[in-house]
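One structure is given below, encoded as structure tokens.
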Amino acid sequence: MSLLENLNPEQLAAVTLPRESALILAGAGSGKTKVLTARIAWLIQTGQVGPGGVLAVTFTNKASKEMLHRISTMLPINTRAMWVGTFHGLCNRMLRAHWKDAGLPQAFQILDTQDQLSAIKRMFKVLNIDTEKFPPKQLVYFISAAKEQGLRPKDVEAHDEYHRMMVRLYEAYEAQCQREGVVDFSELLLRSFELLGANAALREHYQSRFKYILVDEFQDTNTLQYHWLKRLSGPQGCIFAVGDDDQSIYAFRGARVANMAQFERDFDVQNRIKLEQNYRSVGNVLKAANHLIANNKGRLGKELWTEAGEGEPLRVYEAVSDQDEAAFIIDRIKKLINEEGYSRSDIALLYRSNAQSRVLEQALFNAAIPYRVYGGLRFFERAEIKHALAYLRLLDNADDDNSFSRVVNFPTRGIGARSIEMLQDLATQQGISLFRGVRLMEGRPAASLQKFNELIERMRFEVRGLGLAELVDKVIEASGLIEHFQKDREGEDRIENLKELVNAAASFAAAEGYYQDKPATETDEEKLISPLNDFLSHASLEAGDNAAAAGQDAVQLMTAHAAKGLEFKCVFVTGLEEGIFPHENSIGNSMQAGDGASVDAVEEERRLMYVAITRAREQLFISHAQQRMLHGQIRYHMRSRFLDELPEEVIKWLTPKRAHVASQGWNNAGAGDWGSNAGFSGNGGGYGGKKTTPRPYPIGTGVAHARFGSGVVVAYEGEGDELRVQINFGKQGMKWLMVSLAKLEKV
DNA sequence: CCCGTCAAGGTTTTT
DNA sequence: CCTTGACGGG
């Protein structure tokens with residue numbers, strides 16, 4: 001059977017498991033997508049289940065598209081009957097099919113994070129909330145956290161005034177969303193979860209329908225997602241969970257690795273299959289990764305191996321500065337391209353946080369090397385696109401006050417804050433939406449508002465019978481957005497993007513009906529509006545590409561987080577410094593996991609480093625800098641503990657490896673090939689020369705402290721007896737010490 | 001209503 | 001350093 005060819009014994013065992021729940025521990029590069037798709041194809045091909053009996057869930061749209069694509073190359077079936085998608089996409093699909101049972105309007109809209117925040121700001125204005133005392137973002141966080149625990153306002157325990165207030169605001173927010181017919185991301189999940197709980201017939205229908213449920217990146221599931229899976233699969237449920245605890249890097253947003261162990265208990269899992277053979281990286285890369293991750297406690301346990309050769313050793317470079325680090329990278333990139341025949345897109349530069357890309361970009365730009373940065377605004381998040389979508393949403397659901405507020409005076413049509421305030425008061429008092437409120441308005445300001453309403457009504461009329469793309473085009477034109485941006489000197493790109501939105505609508509329509517479970521009883525009116533509604537859901541659930549313009553062959557720049565799931569022949573992991581990677585907020589800190597339990601934050605950083613390392617197929621370069629510009633200040637960092645956790649035998653130091661303290665001043669720092677030509681500027685401050693108290697340890701020097709061990713002097717503040725020194729003690733974190741009290745020794 | 005200035009603050013991110 | 005958000009004048 002061709003399906004099962006090219007599978008190793010463990011992969012084969014996983015793919016052909018009988019109908020029972022199983023946990024597949026799939027290491028980086030071990031062929032996890034292959035196993036997931038082959039399992040689905042095998043189940044269907046052997047007649048154990050029809051396409052309609054399969055549900056597969058992923059975290060990103062990219063992953064689910066990839067899965068669908070691979071399945072369709074393996075099997076000549078209609079993949080549309082399968083439920084393959086993200087948690088949010090599948091919940092949306094379910095809620096669209098059962099909107100009435102879920103207590104939602106048929107044309108409910110989905111709020112993305114931006115929309116949710118503006119909805120809350122709008123609500124705060126109406127309720128006269130002091131945003132100094134209660135920042136809107138904190139409510140967003142509070143609500144998401146509550147929903148992810150499956151808690152409605154009545155279920156949240158509040159023990160102090162602040163939390164009681166948050167609960168009241170959560171309640172008010174829910175009421176507002178319900179009135180406006182909108183749901184936020186977590187609401188999609190919670191609503192779907194509650195629907196399955198409340199409606200036994202529906203629950204049993206889905207439980208018997210989805211004979212096989214498959215979950216990708218199981219280590220990233222949060223509490224609510226786990227319970228949703230449990231409820232959906234039911235007592236006879238069969239869940240095939242694929243994940244890697246060592247690649248769990250999203251605890252900060254609620255992911256709960258402990259779900260893996262809980263899953264084994266709750267589902268009485270008999271089979272834990274480990275996929276440890278790696279098909280991506282050379283031996284030295286895997287040795288480094290294994291050795292590093294072994295420092296974490298409580299792992300499920302796994303060791304990657306390969307049949308490939310050792311490959312090059314990991315090259316490690318200690319830079320004098322961030323500039324120097326960039327210069328080293330540029331030089332190596334040139335070698336890789338010119339002498340070793342790699343193309344630019346084979347090369348990735350990874351860093352811990354986005355701010356680090358600046359120096360690298362500058363250096364690449366100066367060297368005229370094309371590059372592409374991942375991260376930042378995505379297509380459907382752009383302001384002009386959000387505006388256009390707001391008009392479309394108003395056609396679809398006139399009660400969407402968020403959208404109303406966004407475009408009622410954009411482009412400007414003489415509707416000021418005063419008019420909106422009056423309208424808002426009226427609408428609040430009547431308990432109706434802004435759009436409906438306009439009809440009840442009287443007096444002068446009402447005229448321009450009524451004109452706006454008429455515009456929307458006219459659009460709705462003119463758009464009748466049009467295809468989706470024509471509809472979008474028409475609305476953009478009639479909204480006055482194009483005209484508005486034509487007047488704008490920098491509006492050209494925005495007009496381009498609006499045209500692109502029409503294209504997006506066209507290709508969305510071309511991909512044919514998005515949901516196959518639509519009841520076949522649509523009226524003409526519903527038929528008109530339904531593709532639009534589907535498109536709007538799509539726009540909210542899939543924000544689009546977040547990479548800078550896809551030019552030619554380019555070097556890839558991204559955070560270690562963004563690199564998860566990707567692979568490159570040559571990888572540079574940069575900024576391996578205590579305080580950068582691991583990030584300073586993680587050092588000496590534990591963090592809250594999805595269930596409120598405390599987890600070691602440095603361990604998550606270590607897993608992130610593990611992810612970064614395992615992106616490399618052939619060549620891996622690791623670098624750190626003694627000093628770098630951060631928040632407008634030069635900061636001094638010790639070399640990262642993660643560097644010292646890599647096995648000596650796979651490392652080749654390009655600069656002399658130094659004993660414990662990373663920095664001993666820069667006089668001897670540029671000993672390597674690159675130090676001398678580094679674009680290293682400034683002396684790092686501290687020598688201001690005014691009437692300051694003498695500073696016994698120059699910034700950048702190594703010192704030792706009886707309790708904290710060795711560290712690097714970072715900064716000073718105060719004068720005389722009050723003179724304090726800031727020292728980066730690496731694993732002990734950053735400390736401010738009184739020079740007069742702390743017994744420091746130069747190292 | 002638009003644009004300027006100033007202060008604040010600054011991990012990681014998908015849906 | 002550099003971006004984002006909040007105010008006040010033209």
Side-chain angles (χ1 to χ4, degrees), chain A residues 57-64 85-92 110-118 121 131-132 135-137 144 147-148 183-190 192 216-217 220-222 224-225 248-255 322 350-359 362 374-378 380-381 409-420 484 487-489 537-546 558-565 575 579-587 589 591 601 604-605 607-609 611-612 628-635 682:
Chain A
V57 59
T58 64
F59 275 85
T60 65
N61 292 297
K62 202 175 150 201
S64 55
T86 62
F87 277 101
H88 296 84
L90 297 179
C91 287
N92 179 50
I110 301 165
L111 302 183
D112 67 18
T113 317
Q114 277 180 45
D115 300 331
Q116 190 188 12
L117 187 63
S118 41
K121 284 182 178 165
T131 51
E132 300 276 288
K137 272 196 183 139
S144 305
K147 288 187 179 177
E148 279 170 20
V183 298
D184 60 41
F185 284 135
S186 348
E187 184 70 23
L188 283 170
L189 277 154
L190 183 53
S192 165
D216 190 17
E217 306 276 18
D220 287 339
T221 50
N222 66 30
L224 180 55
Q225 287 160 343
S248 162
I249 55 173
Y250 287 117
F252 73 90
R253 66 173 197 212
D322 47 356
L350 308 184
Y351 34 80
R352 174 68 233 284
S353 64
N354 288 304
Q356 288 167 252
S357 75
R358 181 175 292 299
V359 189
Q362 198 94 54
Y374 286 75
L377 263 203
R378 315 170 68 174
F380 286 112
E381 290 168 356
N409 198 35
F410 194 93
T412 49
R413 35 179 84 87
I415 298 169
R418 186 81 202 100
S419 309
I420 298 298
H484 175 264
K487 288 182 202 145
D488 194 336
R489 268 172 282 113
S537 301
H538 165 79
S540 300
L541 292 174
E542 196 168 341
D545 202 352
N546 71 345
M558 66 194 80
T559 62
H561 282 93
K564 191 177 169 209
I580 298 287
F581 201 171
H583 193 276
E584 60 183 330
N585 294 162
S586 74
I587 295 172
N589 266 316
M591 63 195 285
E604 176 144 316
E605 297 284 305
R607 292 191 290 270
L608 184 58
M609 180 64 183
V611 167
R628 77 170 59 238
M629 192 63 113
L630 196 67
H631 304 331
Q633 271 189 323
I634 294 173
R635 297 246 315 218

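Only a predicted model underlies this, so the values are computations on that prediction, with no experimental measurement involved. Naming convention: chains lettered A, B, ... in sequence-line order (proteins, then strands); numbering from 1 in each chain.
- Here dT11(B) presents its C1' atom at 9 Å from CD of Glu584(A), a figure rounded to the nearest Å.
- Looking at residues two or more places apart in sequence or on another chain, you find no side-chain contact (heavy atoms from CB on, under 4.5 Å) involving Gln633(A).
- Where stacking is scored as ring centres under 5.5 Å apart with planes under 30°, His583(A) registers as stacked on the base of dT11(B).
- Computed from coordinates, the Phe380(A) CZ to dT15(B) P distance equals 12 Å when rounded to whole Å.
- No engagement by Arg413(A) is indicated, since no non-hydrogen atom pair under 4.0 Å with the nucleic acid exists.
- The distance between atom CD of Gln225(A) and atom P of dT14(B), rounded to the nearest whole Å, is 14 Å.
- Taking a centre distance below 5.5 Å and an interplanar angle below 30 degrees as the stacking criterion, Tyr250(A) does not stack against the six-membered base ring of dT13(B).
- What separates CD of Glu187(A) from P of dT14(B) is a distance of 22 Å, to the nearest Å.
- Comparing dT3(C) with dT14(B), their C1' atoms sit 23 Å apart, to the nearest whole Å.
- When DNA chain C is scanned in the 5' to 3' direction for atoms under 4.0 Å from non-hydrogen atoms of chain A, the outermost contacting nucleotides are dC1(C) to dT3(C).
- Nucleic acid contact class of Asn409(A) (heavy atoms, under 4.0 Å, all strands): sugar-phosphate only.
- Shown here are the side-chain contact (heavy atoms from CB on, under 4.5 Å) partners of Thr131(A), two or more places apart in sequence or in another chain: Phe124(A), Pro136(A).
- For the pair Asn354(A) CG and dT14(B) P, the computed distance is 10 Å after rounding to whole Å.
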